[in-house]
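Presented below is the structure to which this report refers.
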Amino acid sequence: MRSVRGSAPQLANLVPYDPKYLPAEAFLSANENPHDVDQDIRHEIMREVKRLPLNRYPDPLANDLRDMIAEANGLDRDQVLVGNGGDELLFDMALAWGGPGRTFLNLPPTFSVYDNNARLTGTTVVDVPRCADYSIDEDAVLARVAQGDIDYLVVTSPNNPTGQLASEAFILKLLDCTDALVMVDEAYFEFSRQTMRPYLDRHKNLVILRTFSKAFSLAGVRMGYLLGDADVVREFAKVRQPYSVDAVSQAVARVVYRNRAKFEPGIRRIIEERARVIEGLRKIPGVKPFPSDANYVLFCMEDAARAWEALYARGILVRDLSRAPHLEGCLRVSIGAPQENDRFLSALRDIVMEKR
């Protein structure tokens with residue numbers, strides 16, 4: 001045959017997720033940790049990997065790792081689920097709580113994968129846009145949820161790409177007023193020092209998503225995990241791909257999690273650099289940075305797309321969001337190593353002054 005049947009109709013208007021990965025000298029676009037895994041931990045990882053029987057399937061649920069995460073969080077194993085990055089668990093949520101005849105509440109601007117996953121699974125998407133300062137329109141969200149037809153929603157805290165924490169008081173009100181599944185995406189919580197973990201035992205409809213990609217420098221390994229009620233976690237387990245987390249990734253994650261305290265100095269340096277970058281952006285005429293509790297900063301400026309091109313011409317890759325809905329005129333910069341942050345601030349200052 002020289003033709004092929006068309007794909008599923010829900011794909012018609014979807015655009016594949018594109019992280020805009022381009023070659024550069026300073027990678028400040030993907031919210032990665034600028035500090036790689038230390039050599040002593042790498043050596044421990046290699047010893048662990050050498051012991052693996054690569055001809056055997058991995059533990060399908062990564063139970064050793066689940067046990068470690070559960071113990072650290074004061075939970076039981078059946079309240080933890082490990083996935084191939086947080087992305088797999090996000091898709092599992094759409095599979096388990098979405099679908100035709102079901103509804104997802106979205107809070108744009110936020111991580112675009114939430115919306116894509118809902119549409120891929122035939123789930124109806126209802127948007128409640130954020131306020132002009134990118135805070136959640138709390139009254140509007142609570143009023144919409146009160147209508148009773150929302151099946152699940154994601155509150156990203158800190159939010160990507162805007163950087164702000166969601167109010168703990170708001171999330172608690174939300175959990176109390178609905179039986180919808182409320183996922184709090186805490187991918188960046190190590191940089192905010194804020195978590196909803198203390199409320200898990202009081203709210204069956206609360207699940208928390210975390211990742212190894214950011215604070216633990218494992219973006220290249222793909223490891224995420226979910227904390228929640230055992231009955232809810234069991235529903236996620238029904239739709240996850242078998243053997244989705246390979247044996248090597250499990251081994252790497254076990255070593256890193258055992259050594260997680262060693263990552264704390266690097267996390268503190270990123271938090272310190274974040275404050276310095278925000279202050280540096282404030283000093284550049286015409287540039288407005290937004291507050292951030294994550295490892296990146298959103299900022300807006302005139303001719304943002306041109307500024308992105310000029311930065312890239314200087315070897316600096318940041319994320320161009322200037323044409324995205326609700327984010328017109330915005331760029332997002334990840335917090336890099338001090339010398340990368342200096343290079344970025346100096347280049348942006350020169351670009352702005354050249355225009356003047």
> Using 4.0 Å as the upper bound for N to carboxylate O, is an ion pair formed by Asp231 and Arg234?
Replying inline: yes
> Residues sharing Leu14's hydrophobic cluster, by side-chain heavy-atom contacts under 4.5 Å among ILVMFWY, directly or via others?
Replying inline: Leu11, Phe91, Leu95, Leu120, Val239
> side chain to side chain donor-acceptor pair (under 3.5 Å) with Asp342: which residues, sequence neighbours excluded?
Replying inline: Arg276
>> Contact between Val154 and Met93 at the side-chain level, heavy atoms closer than 4.5 Å - yes or no?
In response: yes
> Can you list every pair that meets salt bridge (Lys or Arg N to Asp or Glu O under 4.0 Å) and has a residue in residues 105-122, with sequence neighbours left out?
Replying inline: Asp115-Arg119
> So do the side chains of Arg193 and Ile271 get within less than 4.5 Å of each other, counting heavy atoms only?
Replying inline: yes
> If every non-hydrogen atom of Phe27 is compared with every non-hydrogen atom of Glu340, which pair is closest and at what distance?
Replying inline: N-OE2, 4.2 Å
> Hey, is the main chain of Arg66 close enough, under 3.5 Å, to the side chain of Asn63 for a donor-acceptor pair?
Replying inline: no
> Distance from Leu81 atom CG to Phe236 atom CZ, nearest 0.5 Å?
Replying inline: 8.0 Å
>> Applying side chain to side chain donor-acceptor pair (under 3.5 Å), can you list everything that pairs with Glu48, at least two apart in sequence or on another chain?
In response: Arg51, Arg254
>> Enumerate the side-chain hydrogen bond (donor to acceptor under 3.5 Å, both in side chains) contacts for residues 82-98, please, sequence neighbours excluded, ordered by first and then second residue.
In response: Asp87-Arg222, Glu88-Ser244
Show me, pair by pair, the donor-acceptor contacts under 3.5 angstrom made by side chains of residues 178-187, not counting sequence neighbours?
unit_1, atom_1, unit_2, atom_2, d
Thr178, OG1, Ala180, N, 2.9
Asp185, OD1, Ala187, N, 3.1
Asp185, OD2, Tyr114, OH, 2.6
Glu186, OE1, Thr195, OG1, 2.8
Glu186, OE1, Arg210, NE, 3.2
Glu186, OE1, Arg210, NH2, 3.3
Glu186, OE2, Thr195, OG1, 3.2
Glu186, OE2, Met196, N, 2.7

> Please, which pairs that meet ring pair (Phe, Tyr, Trp, His ring centres under 6.0 Å) have at least one residue in residues 117-141, sequence neighbours excluded?
Replying inline: Tyr134-Phe290
>> Clusters formed by hydrophobic residues whose side-chain heavy atoms approach within less than 4.5 Å: which one holds Tyr243, and what are its other members?
In response: Tyr57
>> Tell me whether Asp320 is salt-bridged to Arg323, with the criterion being a basic N under 4.0 Å from an acidic carboxylate O.
In response: yes
> Do Leu327 and Ser322 have side-chain heavy atoms sitting under 4.5 Å apart?
Replying inline: no
> Looking only at heavy atoms, which two atoms of Glu32 and Asn295 are closest? And how far apart?
Replying inline: O-ND2, 3.8 Å
>> Tell me every residue that passes side chain to side chain donor-acceptor pair (under 3.5 Å) with Gln147, counting only those two or more places apart in sequence or in another chain.
In response: Arg144
> Are Arg306 and Glu309 within salt-bridge range, i.e. N to O under 4.0 Å?
Replying inline: no
> For Phe216, which residues count as a ring pair (Phe, Tyr, Trp, His ring centres under 6.0 Å) partner, sequence neighbours excluded?
Replying inline: Phe212, Phe263
N/O donor-acceptor pairs under 3.5 Å from side chains in residues 343-352, not counting sequence neighbours:
unit_1, atom_1, unit_2, atom_2, d
Arg343, NH1, Glu25, OE1, 3.1
Arg343, NH2, Glu25, OE1, 2.3
Arg343, NH2, Arg314, O, 2.8

> Mind checking what makes side chain to side chain donor-acceptor pair (under 3.5 Å) contact with Asn205, not counting sequence neighbours?
Replying inline: none
> With side chains defined as the heavy atoms from C-beta onward, is the minimum distance between Gln79 and Leu227 less than 4.5 Å?
Replying inline: no
